[in-house]
Every structure is written in structure tokens, then in C-alpha cells.
Protein chains: 2
Amino acid sequence: MAIEEKEPGFPFYVVSRLISQAYREPLQTLGLTYPQYLVMLCLWEKDGLMVSQIGEKLCLDSGTLTPLLKRLETMNLVKRERSEADERRVTIELTYPGRALQNKANALASPLDAVFEDWEEKERVVFQELMARIQDKLQSQP
Amino acid sequence: MAIEEKEPGFPFYVVSRLISQAYREPLQTLGLTYPQYLVMLCLWEKDGLMVSQIGEKLCLDSGTLTPLLKRLETMNLVKRERSEADERRVTIELTYPGRALQNKANALASPLDAVFEDWEEKERVVFQELMARIQDKLQSQP
DNA sequence: ATAAATTGAATTGTTTACAATTTAAAGTGA
DNA sequence: TCACTTTAAATTGTAAACAATTCAATTTAT
């Protein structure tokens with residue numbers, strides 16, 4: 001009896017890691033890891049987010065984000081600034097190189113394109129909906 | 001534009017982590033983390049595996065497994081032994097407590113049962129097949 | 001107004017994950 | 001036989017992930 005039959009969470013665990021691995025090489029062009037790339041996507045969509053706002057989007061806490069953001073700051077992609085209005089808050093703003101990197105990023109093809117290329121449109125939609133249902137359910141549980 | 005629309009890998013990344021989190025509490029009864037639990041599942045299915053065989057099943061390398069297995073050994077759940085026939089190999093065998101833990105494990109309900117409880121049987125099957133296709137494709141790529 | 005509770009980030013400590021390298025053993029070929 | 005390669009695991013170094021705690025700033029309730 002294979003493990004994926006015994007343990008329904010296993011496929012998610014493996015696929016998630018395979019995806020991170022698939023992104024490794026293309027993201028080297030940007031000098032980013034996959035989680036760092038996700039943070040940059042958040043900021044490219046909306047600059048100046050608080051740490052907690054990024055955390056909400058990505059389901060990550062400050063324990064993960066603080067060191068990650070410090071690394072992005074060291075790479076000169078973002079600036080971390082205490083909010084003047086509320087000194088508890090730390091606002092993350094893109095630097096010029098951070099903003100500029102979006103062009104390179106847009107030029108990258110997602111490694112997942114190849115994975116889904118032979119899927120019918122309907123299958124993709126169904127699958128996306130099911131994944132969303134799983135995520136919703138898991139987030140509503142705790 | 002939400003991140004899951006821009007980045008097709010994101011749902012896998014989040015769901016995988018949410019699943020690990022969902023397992024945290026129930027697995028505390030066993031004193032195991034989710035990856036440790038997966039390793040134990042492999043061994044309960046077939047005892048005496050080599051490190052590399054566990055790695056094949058779980059898509060993990062020795063860099064991850066060696067310290068994890070050392071922790072399981074410290075917990076007295078497994079024994080690590082150099083193979084006599086081939087001294088490069090390390091064989092992982094369950095201890096008596098390690099074998100005994102399977103009973104407790106079998107008694108646990110998967111936290112994912114609740115996630116899928118309101119799914120129709122057909123949906124589950126379709127979803128499983130699509131996940132398997134994704135995994136196969138990702139593994140055939142590199 | 002001020003003690004108590006809440007919030008936002010940072011910190012601490014442990015575990016995973018993985019690339020890259022190392023070490024030792026076993027297999028191969030000339 | 002003896003260099004050459006391959007294999008199996010361990011090691012090294014870096015980054016993520018997360019629970020638990022801490023710390024400071026802000027809210028709130030009295």
C-alpha cells in the first residue's frame with residue numbers, strides 16, 4: 001500500500017516541494033528563492049505593505065517574514081521602515097532595483113506552464129476550484 | 001489581482017503548509033512532526049529500509065533524512081545500522097516502541113477527513129488523479 | 001488618567017529542506 | 001592489480017517555517 005493512499009496529505013507535501021524545486025533554476029536569474037519571489041509579487045502588486053499584511057496574503061508569520069525581509073533588504077530590493085503614525089508597524093517599500101526586477105520577473109515563464117500545458121481548460125478550472133475549496137476549508141478549521 | 005491568479009504554484013505552497021499545521025496537534029499525541037510521521041509510515045509499511053529507499057518514497061535526500069532519522073533514533077523509535085554486506089548502506093529498523101506506535105497512529109483520524117467530508121466520491125477521485133498527474137509531470141521534467 | 005489588554009514585529013529555539021561537498025565503500029576497466 | 005567511476009550516506013552552509021516568547025506601542029476599559 002503506497003503512502004499516498006494511506007496519507008491523503010502526502011501528494012500536497014511532495015508536489016509543493018517539487019514546485020519550489022522547479023522554480024529554483026528560473027528564479028536564480030532574479031537571485032530569489034521561491035518564498036522571496038512570492039513576497040516580491042505581493043509588493044509589486046501593492047507597494048508599502050506592512051509585515052502583517054504580507055503575512056496575511058501568504059499565510060506566514062513574522063517569525064518567517066522578518067528574517068526573509070531582512071535578506072531582501074540586504075539585497076537592496078526593499079526598505080524596511082517603522083511607520084511614524086504607529087511605531088509598532090513596519091512598512092516594506094520597494095527600492096528602485098526592487099521595482100526594476102519586476103520586468104525580469106514578468107519575462108519569466110512559470111515552470112508550471114509546462115505541467116498544465118496538456119490540460120483541457122475545463123480541467124484547469126475544476127482543479128483550481130477544488131484547490132480553493134481545500135484551502136478555504138483548512139483556513140476555516142483552526 | 002490576487003497572488004493565486006498570478007502565481008499558479010501558490011495554492012500548493014499554502015495548502016501544503018496548512019496541512020502540516022493541521023497535523024501538528026493530532027501528531028503531538030505521537031510526539032512526531034509531519035515529516036517524521038511520513039517516515040514512520042514508510043517503515044510501518046516495510047521495516048528495514050535503507051536511507052535512500054525512504055528518500056525515494058518521500059522525495060527527500062540524505063541531507064534531510066539523516067538528521068531526521070537521528071532524531072527518531074534519539075526518541076528510541078528506530079535503530080540505524082550499517083549494512084554488513086555493503087558498508088555504505090544504512091538500514092533503518094523499527095524498535096519495539098517504534099512498532100508499537102503504529103497502533104496509536106492507526107487510531108488517529110486524519111485532519112484531512114474533515115476537509116474532504118462534504119466532497120462527492122467522484123470529485124475526490126478526479127482530484128486525486130489530477131494531483132497524481134501533476135506529480136508525475138513534475139518528476140519527469142528535471 | 002492609568003492599569004490592563006491588545007497589537008505588530010522581533011527574537012529564540014527547533015525542525016525541515018536542499019544544494020554542494022566530502023568520505024568511504026563497492027564496482028569497473030584496462 | 002590499481003586507477004577511475006559510481007554509489008550511499010554524512011556533512012556543511014543557507015534559508016524557511018513555525019511555536020513560543022518578548023518587547024514596545026497603542027487601545028480599551030474602568
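Within every chain, numbering begins at 1; the chains are lettered A, B, ... in the order of the sequence lines, protein sequences first and strands thereafter. A quick note: this is a predicted structure, and the numbers were derived from the prediction, not measured.
- Base engagement by B:Ser62 is indicated by at least one non-hydrogen atom pair under 4.0 Å involving a base atom.
- Nucleic acid contact for A:Thr64: base, since at least one base atom lies under 4.0 Å from a heavy atom of the residue.
- Separating the CD atom of A:Glu56 from the P atom of C:dA9 is a distance of 11 Å, rounded to the nearest angstrom.
- Within the 4.0 angstrom heavy-atom criterion, only backbone atoms of the sugar-phosphate kind lie near B:Leu60; the bases stay farther away.
- Residues A:Arg133 and B:Glu123 are paired through a salt bridge, judged by an N-O separation under 4.0 Å between the basic side chain and the carboxylate.
- The side chain to side chain donor-acceptor pair (under 3.5 Å) check on A:Arg80 picks up A:Glu73, with sequence neighbours excluded.
- Without hydrogens or angle criteria, B:Thr66 side chain to B:Gly63 main chain gives no donor-acceptor distance under 3.5 Å.
- Of all the residues in residues 70-95 of chain B, B:Arg71, B:Ala85, B:Asp86, B:Glu87, B:Arg88 reach under 4.0 Å from DNA chain C with at least one non-hydrogen atom.
- Residue B:Leu58 contributes atom CG, which lies 12 Å from atom P of C:dT16 at whole-angstrom precision.
- When the side-chain contact (heavy atoms from CB on, under 4.5 Å) test is applied to B:Gln53, the partners found at least two apart in sequence or on another chain are B:Leu49, B:Met50.
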Donor-acceptor contacts under 3.5 Å from residues 108-122 of chain A side chains, at least two apart:
| unit_1 | atom_1 | unit_2 | atom_2 | d |
| --- | --- | --- | --- | --- |
| A:Ser110 | OG | A:Tyr23 | OH | 2.9 |
| A:Ser110 | OG | A:Leu112 | N | 3.0 |
| A:Trp119 | NE1 | A:Val115 | O | 3.4 |

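- Under the rule for a side-chain contact (heavy atoms from CB on, under 4.5 Å), the partners of A:Glu4 that lie at least two apart in sequence or sit in another chain are A:Ala2, A:Phe10, A:Pro11.
- Only B:Pro35, B:Gln36, listed by number, bring a heavy atom of residues 35-54 of chain B to less than 4.0 angstrom from any atom of DNA chain C.
- Separating the OH atom of A:Tyr13 from the C1' atom of C:dA17 is a distance of 8 Å, rounded to the nearest angstrom.
- Judged purely by atom type and a 3.5 angstrom limit, B:Ser83 has no side-chain atom pairing as donor or acceptor with the backbone of B:Arg89.
- Among residues at least two apart or in separate chains, there is no salt bridge (charged side-chain N to carboxylate O under 4.0 Å, His left out) pair with a member in residues 22-37 of chain A.
- For A:Arg82, the side-chain contact (heavy atoms from CB on, under 4.5 Å) criterion is met by A:Val90, not counting sequence neighbours.
- Contact detail for B:Pro35 and B:Leu68: the closest heavy-atom pair is CB-CD1, 3.9 Å.
- If you take CG on B:Leu101 and CG on B:Asn76, they are separated by 11.5 Å, rounding to the nearest 0.5 Å.
- Looking only at distances, no side-chain donor or acceptor of A:Ser62 sits under 3.5 Å from a matching main-chain atom of A:Leu65.
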Pair up each side-chain donor or acceptor in residues 12-19 of chain B with any protein partner under 3.5 Å, not counting sequence neighbours, and list the distances.
| unit_1 | atom_1 | unit_2 | atom_2 | d |
| --- | --- | --- | --- | --- |
| B:Arg17 | NH1 | A:Cys59 | O | 2.8 |
| B:Arg17 | NH2 | A:Leu58 | O | 2.6 |

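- The CZ atom of B:Arg124 sits 12.0 Å away from the CG atom of A:Leu130 when rounded to the nearest 0.5 Å.
- Along DNA chain D, the stretch of nucleotides lying under 4.0 Å from any heavy atom of chain A spans, 5' to 3', D:dA15 to D:dT26.
- Of all the residues in residues 16-26 of chain B, not one reaches under 4.0 Å from DNA chain C with any non-hydrogen atom.
- Rounding to the nearest 0.5 Å places OH of A:Tyr37 at 6.5 Å from CG of A:Leu27.
- Rotation axes derived from the C1' atoms of the five outermost pairs at either end of the helix from C:dA1-D:dT30 to C:dA30-D:dT1 lie 10° apart, to the nearest 10°.
- You'll find the side chain of B:Leu30 stays beyond 4.5 Å of the side chain of B:Gln36, heavy atoms only.
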